[in-house]
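Below is one structure, written out as structure tokens, with a few remarks after it.
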Amino acid sequence: MARLGDPRPQPADPRGFSMLERNEMMRQRLAKIDAARTAGEIPYPNDFQPTHTGADLMRALFAHLESHNPDRTPGPAVRMAGRVMAVNIKGKVAFLRLRDRSGPEVLRLRKEENALRVAAGLEPREEGASTFQVFFQRNEDEVLWDQMFKGDRAIDLGDILGVVGRPFRTQTGEPSLRACLTDDAGALFSGEQAGAACVRVLTKGVRPLPEKYHGLQDKETRFRQRYVDLIMNDDTREIVRRRALVVRGLRAFFDSRDYLEVETPMMHTLLGGAAARPFTTHHNALDMPLYLRIAPELHLKRLVVGGLERVYELNRNFRNEGLSQRHNPEFTMLEFYRAYATYHDLMDEVETLFAKLAVDVTGSPDLVYGTNPDGTPRQISFRAPFARVTVHEGLQRWAGVAADDVNDVVALRKRADALDLYIDPKAGLGKVQMDLFEHAAEPHLIQPTFVMDFPAEVSPLSRRKDSDPTLVDRFELYVAGMEISNAFSELNDPVDQFERFEAQLAQKAQGAEETMDMDLDYVRALEYGLPPTAGCGIGVDRLVMLLTNTESIREVILFPHMRPENRVDAGQIADVVAPDSPEGA
RNA sequence: GGGUCGGUAGCUCAGUCGGCAGAGCAGCAGACUUUUAAUCUGUGGGUCGCGGGUUCGAUUCCCGCCCGACUCACCA
């Protein structure tokens with residue numbers, strides 16, 4: 001294959017595409033890689049190991065908040081690496097802004113430092129940059145300076161650099177790494193690295209980065225090329241960090257309460273555990289169809305039958321449904337099951353969990369999510385106890401249903417018509433109740449609210465209420481109008497369960513698409529005896545949305561589902577040669 | 001699937017009531033020894049999403065298509 005820096009038109013790759021499209025900037029950068037190679041360097045070295053991060057640099061300087069500019073800074077020299085986000089050459093000195101993995105921490109440390117500065121009677125510094133600064137003075141190493149900033153190997157925005165130097169503050173007090181300022185350089189490198197330059201391009205950025213001030217805005221590009229989004233947008237990195245905190249917090253919570261984390265099959269032979277359409281796939285050797293799971297529920301309860309009295313699984317579910325701000329075809333669900341508990345016990349547990357996570361992730365049980373109708377920030381409080389309301393109460397309070405009409409399907413349909421809500425004519429009482437409830441009540445369920453006591457008809461796996469067998473011991477938790485969690489006391493009567501599966505089959509026979517299959521093995525498990533158990537599912541993506549104040553599920557999923565990008569996904573990057581190519585055309 | 005809006009330089013965007021395509025940043029050349037989105041001077045860069053139609057002439061108007069955002073439907 002031809003050298004990448006070669007500006008001439010490239011022959012098509014046998015696989016049908018050439019390696020990279022080209023524009024002028026990319027050709028310039030590719031040529032620099034060749035120039036380095038020609039100069040005898042390895043263009044993609046892997047022998048540089050940073051000793052400090054940007055956050056380490058900041059912390060190392062906390063003892064000296066004031067500006068100073070010593071010729072030699074005491075303390076050991078350090079090695080740092082990061083991507084070049086800004087270059088500012090001012091005559092014979094240069095300021096490079098680099099970012100490494102500690103960017104979010106750098107942001108926090110800047111705030112922390114300002115608090116210290118104010119306490120020490122100093123002016124606060126600008127906050128908001130997740131980068132750290134490298135200071136390079138030409139007279140430290142004129143040959144290296146010229147190589148870095150002039151000529152055929154000059155660094156570019158987006159390059160990944162390794163720098164050796166000493167922490168210091170510039171005249172204006174900016175915490176910086178002073179490149180090449182080493183009085184004991186011999187100790188910095190050994191072996192093959194001995195004599196290496198103190199500023200090195202570790203990886204050349206061939207593609208130019210988005211504009212430095214506005215950054216990358218286009219949502220499609222942000223989701224498709226998440227790597228660019230992560231390079232450019234601090235907010236995106238913060239969401240990723242918070243999501244990690246949520247996942248860590250969930251595991252810590254359940255681990256500490258003696259739950260066992262388990263993994264159950266992602267590929268199912270039967271549909272169950274939720275009302276949803278599945279993705280189907282095929283097992284070649286067994287020549288049989290398989291479903292990607294829509295829920296782990298039935299497997300987890302089998303484990304409780306087996307004596308694992310407290311289990312949880314944190315993993316993906318797949319539902320073949322439309323995409324929306326709140327729906328992605330694959331989404332992360334935490335389900336946990338606890339023997340000898342009721343759905344009331346789980347409400348208490350969920351309250352505790354959410355308050356803890358809010359504090360872990362945002363620092364407070366009170367947070368802001370979205371805006372009120374008047375445009376002001378909407379406050380949401382995860383302080384226990386959460387509001388609790390039954391479906392019947394909600395129908396009366398928000399849908400304007402008279403108490404006597406709550407179970408009157410004709411009256412309920414009349415209300416739906418009055419509210420301009422279409423409900424499937426084939427829907428039974430329970431479905432009508434829930435459609436009406438969701439339509440009328442959801443907009444009111446802003447603060448965390450447990451909606452309790454659902455119709456048995458729409459809850460084929462839930463335990464019937466002792467006081468009213470048409471209802472079940474079930475709750476859903478709503479926050480900001482979103483369903484976050486669904487839980488119930490589990491149905492452990494195998495005969496009743498068998499009959500409910502039969503009812504599902506009857507609904508399917510009548511054309512309902514989102515019904516469960518008869519799962520005889522599950523019934524068999526119940527026949528061995530499922531202890532009284534309550535189980536709960538928590539939509540992790542939506543929970544992360546709440547804790548990051550994002551309105552789209554695609555913001556909290558690193559690679560949300562997108563239509564294929566034909567050009568790339570089909571391996572058909574055109575063999576484009578820019579029209580100004582000297583030998584093109 | 002329906003509705004609305006959008007796709008213009010590497011990025012963020014403006015614009016053309018049909019007549020040589022614009023800015024800022026990035027790039028290139030230069031100045032500048034402490035900048036913070038550095039500044040200043042000069043300068044190169046375009047399949048105006050794709051295809052067809054109307055027209056002397058289409059990036060602009062018309063038709064179709066592709067892609068996206070929002071929204072409705074669907075969907076615990």
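Here the structure is a predicted model, which means the values were calculated and not measured. Below, chains carry the letters A, B, ... as their sequence lines are ordered, and counting in each starts from 1. Hydrogens, waters and symmetry mates play no part in the numbers below; they use all other heavy atoms, side chains included.
- B:rG6 and B:rC48: their C1' atoms are spaced 14 Å apart (whole Å).
- Across all strands shown, B:rC25 forms a Watson-Crick or G-U wobble pair with B:rG10, both key distances being under 3.5 Å.
- Here B:rU59 sits opposite no nucleotide as a Watson-Crick or G-U wobble pair (both hydrogen-bonding atom distances under 3.5 Å).
- Closest to the side chain of A:Q325, out of B:rC70, B:rC28, B:rU36, is B:rC70.
- Taking atom CD of A:Q217 as the reference point, atom C1' of B:rG10 lies 15 Å away to the nearest angstrom.
- Taking 3.5 Å as the limit, the base of B:rU36 and the side chain of A:R125 contain a donor-acceptor pair of atoms between them.
- Across all strands shown, A:G215 has heavy atoms under 4.0 Å from sugar-phosphate atoms exclusively, and none from any base.
- Each of A:R29 and A:E483 has a nearest nucleotide on RNA chain B; the 5'-most of these lies closest to A:R29.
- Rounded to whole angstrom, the span from the CD atom of A:Q137 across to the P atom of B:rU33 amounts to 11 Å.
- The gap from the C1' atom of B:rC61 to that of B:rU54 amounts to 8 Å, rounded to the nearest Å.
- Rounded to a whole angstrom, the distance from the P atom of B:rU60 to that of B:rG7 is 12 Å.
- Spacing between B:rG45 and B:rG10 at atom P, rounded to whole Å, works out to 13 Å.
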Exercise for the section: Please test A:D229 against A:T236 for side chain to side chain donor-acceptor pair (under 3.5 Å), starting from the C-alpha separation and ending with a verdict. Expected result: CA-CA 7 Å; A:D229 186 29; A:T236 302; 3.0 Å; yes
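- Across the strands present, B:rG1 finds its partner in B:rC72; the criterion is a Watson-Crick or G-U wobble pair with both atom distances under 3.5 angstrom.
- Between A:K212 and B:rA38 there is a side-chain N or O to OP1 or OP2 distance below 4.0 Å.
- Side-chain atoms of A:T172 lie closest to B:rU34 of the nucleotides B:rU34, B:rG68, B:rA37.
- Nearest to the side-chain atoms of A:E321 among the listed nucleotides B:rC75, B:rU35, B:rC28 stands B:rC75.
- As a whole-Å value, the separation of A:M232 CE from B:rC25 P is 15 Å.
- The shortest side-chain heavy-atom distance between A:L177 and A:M80 falls under the 4.5 Å cut-off.
- What separates CE of A:M85 from P of B:rG10 is a distance of 19 Å, to the nearest Å.
- Relative ring orientation between A:H444 and A:W398 is described as parallel, the plane-to-plane angle staying below 30° on a 0-90° scale split at 30° and 60°.
- If you take atom C1' in B:rG46 and the same atom in B:rU59, they sit 11 Å apart, rounded to whole Å.
- Taking the six-membered ring for Trp, A:F475 and A:F488 have ring centres at least 6.0 Å apart.
- Residue-to-nucleotide contacts include no donor-acceptor pair under 3.5 Å from the side chain of A:H214 to the base of B:rC11.
- Each of A:R207, A:R83, A:K32 was checked for a salt bridge (Lys or Arg N to Asp or Glu O under 4.0 Å) with A:D156, and the lone residue meeting it is A:K32.
- Side-chain N/O atoms of A:Q171 and base N/O atoms of B:rU35 include no donor-acceptor pair closer than 3.5 Å.
- Across all strands shown, A:A276 has heavy atoms under 4.0 Å from sugar-phosphate atoms exclusively, and none from any base.
- The minimum heavy-atom distance linking A:W145 with A:V93 is given by the pair CH2-C, 3.3 Å.
- B:rC70 sits 30 Å from B:rA58 when the C1' atoms are compared, rounded to a whole Å.
- Nucleotides B:rC72 and B:rA38, compared at atom P, are 41 Å apart to the nearest Å.
- Here A:E476 lies in heavy-atom contact (under 4.0 Å) with a base.
- Residue-level contact check: A:D218 touches the backbone only, with heavy atoms under 4.0 Å from sugar-phosphate atoms and none from bases.
- Atom-to-atom, CG of A:L421 to P of B:rC75 comes out at 12 Å; the value is rounded to the nearest Å.
- Across the protein-nucleic acid pair, A:R169 atom CZ and B:rU34 atom C1' stand 14 Å apart, rounded to whole Å.
- Remark: B:rA31 base-pairs with B:rU39; criterion is Watson-Crick or G-U wobble with both hydrogen-bond distances under 3.5 Å.
- Set against B:rU33, B:rG68, B:rA37, the side chain of A:R554 has B:rG68 as its closest nucleotide.
- A salt bridge between A:D517 and A:K508 is present, with a side-chain N of the basic residue lying under 4.0 Å from a carboxylate O of the acidic one.
- Rounded to whole angstrom, the span from the CZ atom of A:R27 across to the P atom of B:rG10 amounts to 12 Å.
- A donor-acceptor contact under 3.5 Å is formed by the side chain of A:T170 with the base of B:rU35.
- Judged by Watson-Crick or G-U wobble contacts below 3.5 Å, the nucleotide B:rC17 has no partner.
- Taking 4.0 angstrom as the limit, A:R178 places none of its side-chain polar atoms (N or O) nearer than this to OP1 or OP2 of B:rU34.
- Checking the phosphate oxygens (OP1, OP2) of B:rC75, no side-chain nitrogen or oxygen of A:K431 falls inside 4.0 Å.
- A residue-by-residue look at A:A86 and A:Q28 shows that A:Q28 has its nearest nucleotide of RNA chain B further toward the 5' end.
- Nucleotides B:rU12 and B:rU8 have their P atoms positioned 9 Å apart, rounded to a whole Å.
- Rounded to whole Å, the distance from CE on A:M25 to C1' on B:rC28 is 10 Å.
- Relative to the ring axis of A:F559, A:R226 does not place its NZ or CZ within 45° and under 6.0 Å from the centre.
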